[in-house]
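By convention in this document, chain letters (A, B, ...) are assigned in the order of the sequence lines, proteins followed by strands, and residues within each chain are numbered from 1.
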Amino acid sequence: MSRYNFRETEVKWQALWESRGSFVAANDGPKPKYYVLEMFPYPSGRIHMGHVRNYTLGDVVARFMRARGYDVLHPMGWDAFGMPAENAAIENKVHPAKWTYANIDHMRTQLKAMGLSYDWSREFATCAPEYYRHEQKMFLDFLGAGLAYRKESWVNWDPVDQTVLANEQVIEGRGWRSGAPVERRRLSQWFLRITDFADDLLESLPALERWPDKVRTMQDKWIGRSEGARVFFRLVDAPSGASDAIEVFTTRPDTLFGASFVAIAVDHPLAALLASRDPKLAAFIAESGHLGTSEAAIETAEKRGYDTGLRATHPFVKGHVLPVYVANFVLMEYGSGAIFGCPAHDQRDLEFARKYSLAVLPVVRPKDQDDFAIADQAYEGDGVLFNSEFLNGLPVAEAKRAAIKRLEADRAGRGDTVYRLRDWGISRQRYWGCPIPVIHCPDCGIVPVPEKDLPVELPEDVSFDEPGNPLDKHPTWKHVACPTCGKRALRETDTFDTFFESSWYFARFCSPQAPQAFSQKAIRRWMPVDQYIGGVEHAVLHLLYSRFFTRALRRCGYEIPAEPFSGLLTQGMVCHETYRDAEGHWLFPEEVTRTEDGKAVTADGGAPVTVGRVEKMSKSRKNVVDPAAIIEAYGADTARLFMLSDSPPERDLEWSEAGVDGVWRYINRLWRLITETGIAAQGAPDRFSDADIALRRTIHKTIRAVTEDLEKFRFNRAVAHIRELTNALSDFAEKPHDAEGAWVLREGFEAIARLLAPLAPHLAEELWQRLGHSAVLVESPWPEADLDLVVDDIVTVAVQVNGKLRGQIELPRDAAREDAEKAALALPAVAKASEGKPPRKVIVVPNRVVNVVV
RNA sequence: GCCCGCUUGGCGGAACUGGUAGACGCAACGGACUUAAAAUCCGUUUCCCGCAAGGGAGUGCUGGUUCGAGUCCAGCAGCGGGCACCA
């Protein structure tokens with residue numbers, strides 16, 4: 001029995017595609033363009049199953065669109081800066097660049113073995129000076145436009161590794177690598193003014209129609225716009241050195257008459273000032289500072305306040321003064337770091353008021369409810385104002401407007417909008433990143449590196465022997481002359497956050513060799529990305545940064561669309577069962593085997609194994625399967641087809657050995673069917689038997705169905721449809737058939753090869769060639785379904801009595817209602833189910849159903 | 001706590017805009033071939049009653065709309081995700 005030889009076949013076609021330049025994107029030409037992009041990988045060393053899934057999905061789209069007549073841009077590159085390279089340098093004494101480029105070489109080989117249709121001539125790595133020089137220029141442009149600035153701020157500081165960590169790199173309060181508790185430190189850092197674009201980023205979201213709602217909602221929430229008012233509470237006896245009023249942000253200016261206290265954050269400037277004269281307050285602040293920032297700590301933290309003794313005057317009520325507290329639940333980072341408390345209409349304020357015996361005055365009551373009082377639940381809903389002088393009788397929304405109007409008239413406040421979004425801190429105390437191109441001069445201050453001196457390249461001779469930033473410890477690199485005055489000055493030794501590189505790489509792919517960041521012609525030709533594919537974990541980070549970056553670049557005069565990605569597909573994770581031995585240590589799947597009765601045991605000793613949940617493949621849980629081993633054992637097409645088969649792309653996929661075996665068996669079944677059914681090419685027959693026509697209908701219906709499935713990224717259904725057709729062809733081939741039948745069979749085989757081309761491209765090419773074609777399938781157009789064959793002449797119509805299925809009838813397509821009704825009523829099953837009662841009504845849905853109502 | 005999504009056989013999943021639920025596959029079981037095994041092929045497989053013909057129930061739960069509901073509406077439960085002392 002012959003077997004499909006994927007080893008020879010896959011390399012053969014890969015070599016042929018490459019030699020023909022089949023995937024090189026045409027920068028001009030009459031065809032419409034289509035830019036499909038998968039999130040490029042960090043070169044960690046080897047590709048993992050998540051990559052295989054991601055790149056398979058993208059490749060199907062690329063190959064399908066190419067067959068449908070588009071000029072497709074489908075590039076691949078490397079997100080090559082990042083901490084793992086430095087960690088490798090520390091652990092293995094290998095230079096980050098060497099480690100990174102070796103990984104790239106290995107991963108490129110792995111990707112090529114998958115038969116992915118990339119235009120490799122556009123490949124680049126972001127750690128190359130030819131790449132990062134352009135983002136240094138962009139940074140200088142941002143600086144010039146006021147979009148980049150330096151400020152002191154709180155950061156996560158790892159005291160062992162001596163570096164700032166990103167929020168994602170802090171796990172349960174500890175550095176992900178060192179395990180040391182992370183400290184908060186105030187450091188001077190570079191920021192990008194993403195908040196400048198908060199409104200645009202938010203308001204453009206609804207127009208991203210081909211983005212998942214989930215991602216748009218996440219960005220919406222992340223930006224977190226709140227509309228309300230700033231209110232000034234004047235201090236009765238402002239201490240010297242303090243401003244004479246506390247500025248408060250509120251979304252409920254309508255409830256101002258219910259205010260009973262003002263609270264400021266522990267790190268509010270006024271709190272610091274007061275603490276310098278009040279040791280008890282200082283102690284309170286110090287104690288509050290020790291509260292963790294973890295979720296659990298916040299959840300259980302008691303809401304506590306310290307009465308400063310200061311009093312603030314109510315903006316509307318003359319002579320009414322409110323106590324000023326320092327409170328541990330007020331955030332300095334949000335709004336103005338101060339609130340007013342309205343206990344009747346805010347649950348947290350209510351709890352605070354009860355604790356410190358403050359007044360609870362309701363000012364909003366539900367409509368038509370006169371006897372309204374607050375017990376232990378604040379009323380946060382809509383209603384009508386009372387106890388509120390000029391606001392009395394107004395509904396909440398109107399009262400808000402009226403309150404703001406009065407505040408503005410009295411110069412006691414103004415309408416305002418605040419955002420949850422913070423400016424993007426981009427400084428990292430790391431070596432393996434893009435140097436920030438500025439120089440600190442003792443006389444001139446911060447001086448941008450002149451453009452002619454770009455790129456600022458990383459020095460190669462660095463030591464990782466001691467912790468800290470190797471750039472800062474380098475003997476000479478940072479010592480330079482000030483470009484302005486020529487005096488001794490210091491280079492910035494921080495590097496960019498690696499999200500900087502990935503915020504514009506999609507644009508660089510359009511013209512990767514351009515002397516400037518990108519050529520306008522290439523941008524006009526290819527941008528925006530028509531279909532972007534990647535993991536949902538970037539829903540906010542990378543996808544928001546990129547949307548910001550294009551906008552910032554436009555403000556600096558670059559020509560690029562504001563929205564970089566017009567379509568987005570977020571793929572699910574690749575998961576696997578987890579295993580532990582008796583001691584609770586994780587085991588790799590290959591260390592586990594099943595006994596005959598299905599029990600999991602260790603492969604070497606037969607010791608019992610606990611099978612855990614199906615979880616995302618991760619090294620720490622060892623529930624990983626190496627794609628290289630799968631491709632070696634089954635070939636790329638099997639791996640690809642498995643990735644596409646069972647689960648829809650956006651859902652999680654459980655990797656199973658049995659499923660892979662199933663795909664491999666299918667490939668061989670198909671291989672034998674087509675190569676062992678001897679059918680020579682011949683002219684089309686004039687007439688067909690009924691069986692022939694039935695098969696032809698199946699063939700053309702499949703072509704149409706698969707086309708629709710691929711258009712809508714329903715790859716699992718496309719595979720199912722192709723397998724159904726395979727089964728139909730197999731059944732037909734087993735029965736005796738004449739020359740006409742052989743012709744139809746051949747038509748079916750060709751359809752399978754062509755439909756399979758985007759999914760399992762090597763197998764498809766080989767089958768196509770075996771069917772006698774010399775043209776390369778990858779350069780052939782997509783098959784068209786014969787519409788006459790897609791529509792049935794005879795349809796099966798369901799017959800129901802009172803909505804219950806009682807039988808079926810065969811009718812000519814689009815038969816008259818009366819005929820359908822007559823045929824349905826003639827069924828014995830209908831008479832039986834009606835129990836002799838005459839029909840009260842008959843509903844006929846043409847070509848679908850007849851429902852007899854009795 | 002708030003917001004969003006999901007819930008269909010033993011499992012992954014199909015089911016067009018409300019119209020024959022369970023396509024396709026995995027697993028399991030039975031059989032053929034074989035000295036045997038692997039591979040391959042054929043068959044069964046939502047559950048219940050029945051030898052069968054056939055009948056009944058069934059898409060998380062409770063109701064509703066409709067000739068007809070997996071699909072629409074209301075309420076509830078469970079699971080997953082996002083955000084979280086956000087004023």
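Taking 4.0 angstrom as the limit, A:Thr796 places none of its side-chain polar atoms (N or O) nearer than this to OP1 or OP2 of B:U20. One finds a side-chain N or O of A:Arg348 lying less than 4.0 angstrom from the OP1 or OP2 phosphate oxygen of B:C86. At B:A14, one or more side-chain N or O atoms of A:Asn716 fall inside 4.0 Å of OP1 or OP2 (strictly under the cut-off). Taking 4.0 angstrom as the limit, A:Arg665 places none of its side-chain polar atoms (N or O) nearer than this to OP1 or OP2 of B:A38. A sub-4.0 Å separation between OP1 or OP2 of B:G19 and a side-chain N or O of A:Asn847 is absent. The phosphate of B:C16 (OP1 or OP2) has no side-chain N or O of A:Arg848 nearer than 4.0 angstrom.
Applying the 3.5 Å distance criterion, the base of B:G1 shares no donor-acceptor pair with the side chain of A:Gln347. Between the base of B:C3 and the side chain of A:Lys221 there is no donor-acceptor pair shorter than 3.5 Å. For B:C41, the base has no donor-acceptor partner in the side chain of A:Arg669 [N/O atoms by modelled type, under 3.5 angstrom].
Out of B:C85, B:C83, B:A21, the shortest distance to the side chain of A:Arg420 is found at B:C83. Comparing B:G82, B:A14, B:A87 by their closest approach to the side chain of A:Thr250 singles out B:A87. When the nucleotides B:G19, B:A23, B:A87 are ranked by their closest atom to the side chain of A:Phe249, B:A87 comes out on top. Candidate nucleotides B:C24, B:A21, B:C67 were compared by shortest atom distance to the side chain of A:Asn727, and B:C24 ranks first. Residue A:Val330 places its side chain closer to B:A87 than to any other of B:A21, B:A87, B:C41. Minimum atom distance to the side chain of A:Ala658 is reached by B:C26, of the listed B:A87, B:C83, B:C26. Residue A:Pro648 has its side chain nearest to B:A14 when only B:A14, B:G68, B:C85 are considered. The side chain of A:Leu331 sits closest to B:C86 out of B:C41, B:C86, B:A21. For A:Lys832, counting side-chain heavy atoms from C-beta on, the closest listed nucleotide (B:G68, B:A87, B:G55) is B:G55.
With ring centers used as reference points, A:Trp671 lies 6.0 Å or more from A:Phe6.
The aromatic rings of A:Phe329 and A:Phe352 lie perpendicular to each other, with more than 60° between the two planes, well past the 30° mark. Between A:Trp655 and A:Phe642, the ring planes are perpendicular. Angles over 60° get that label, and only those under 30° would be called parallel. In this structure, A:His314 and A:Phe233 have perpendicular ring planes: the angle between them is above 60°, well past the 30° mark.
Nucleotide B:G5 carries an anti base; the chi torsion (O4'-C1'-N9-C4 or O4'-C1'-N1-C2) is more than 90° from 0.
Look at the P atom in both B:C67 and B:C49: the space between them is 36 Å, to the nearest Å. A gap of 23 Å separates the P atoms of B:U44 and B:A38, to the nearest Å.
Using a 4.0 Å heavy-atom criterion, one finds that A:Asp346 contacts no nucleic acid atom at all. Here A:Ser645 lies out of heavy-atom contact (under 4.0 Å) with every strand. Contacts of A:Val719 with the nucleic acid, taken as non-hydrogen atoms under 4.0 Å apart, are absent. When heavy atoms are screened at a 4.0 angstrom cut-off, A:Gln808 is found touching base atoms of the nucleic acid. Residue A:Gly224 is classed as having no contact, given no heavy-atom separation below 4.0 Å to the nucleic acid. Using a 4.0 Å heavy-atom distance criterion, A:Arg723 is classed as a sugar-phosphate-only contact.
In terms of position along RNA chain B, the nucleotide closest to A:Val845 lies nearer the 5' end than the nucleotide closest to the other residue of the pair A:Val845 and A:Val852. When each of A:Asp646 and A:Arg806 is assigned the nucleotide of RNA chain B with its nearest heavy atom, A:Asp646 is the one assigned upstream, toward the 5' end.
Inter-residue side-chain proximity for A:Leu673 and A:Glu734 is flagged as unmet; no heavy-atom pair is nearer than 4.5 Å. The shortest distance between side-chain heavy atoms of A:Val364 and A:Arg252 falls below 4.5 Å.
Donor-acceptor pairing under 3.5 Å is lacking for the side chains of A:Thr638 and A:Tyr4.
Nucleotide B:C11: paired with B:G25 (Watson-Crick or G-U wobble, both distances less than 3.5 Å). Of the nucleotides present, none pairs with B:U20 by Watson-Crick or G-U wobble criteria with both distances under 3.5 Å. Pairing of B:A53, defined by two Watson-Crick or G-U wobble distances under 3.5 Å, is not identified with any nucleotide. B:A39 makes up no base pair with any nucleotide shown, lacking Watson-Crick or G-U wobble contacts both under 3.5 Å. The partner of B:U71 is absent, by the rule that a Watson-Crick or G-U pair needs both atom distances under 3.5 Å. Across all strands shown, B:G78 is found opposite B:C6 as a Watson-Crick or G-U wobble partner, with both distances under 3.5 Å. Partner assigned to B:G1 is B:C83, using Watson-Crick or G-U wobble distances below 3.5 angstrom.
Following rounding to the nearest Å, A:Glu734 (CD) and B:U40 (C1') show an atom-to-atom distance of 12 Å. Nucleotide B:A84 holds its P atom 12 Å from the CD atom of A:Glu333, rounded to whole Å. What separates CZ of A:Arg651 from P of B:G25 is a distance of 19 Å, to the nearest Å. As rounded to whole Å, 17 Å separates atom P of B:U66 from atom CD of A:Gln800. One interatomic measurement links the two molecules: CZ of A:Arg714 to P of B:A23, which rounds to 18 Å at whole-angstrom precision. When the P atom of B:A27 is taken as reference, atom CD of A:Glu577 falls 14 Å away, rounded to whole Å. To the nearest angstrom, P of B:C6 lies 10 Å from CG of A:Asp213. Per the geometry, OH belonging to A:Tyr419 stands 15 Å off C1' belonging to B:C86, to the nearest Å.
For the residue pair A:Val625 and A:Met49, the shortest heavy atom distance occurs at O-CG, 3.5 Å.
A ring pair (Phe, Tyr, Trp, His ring centres under 6.0 Å) with A:Tyr325 is found for one member of A:Phe340, A:Tyr306, A:Tyr356, A:Phe284 and no other, namely A:Tyr356.
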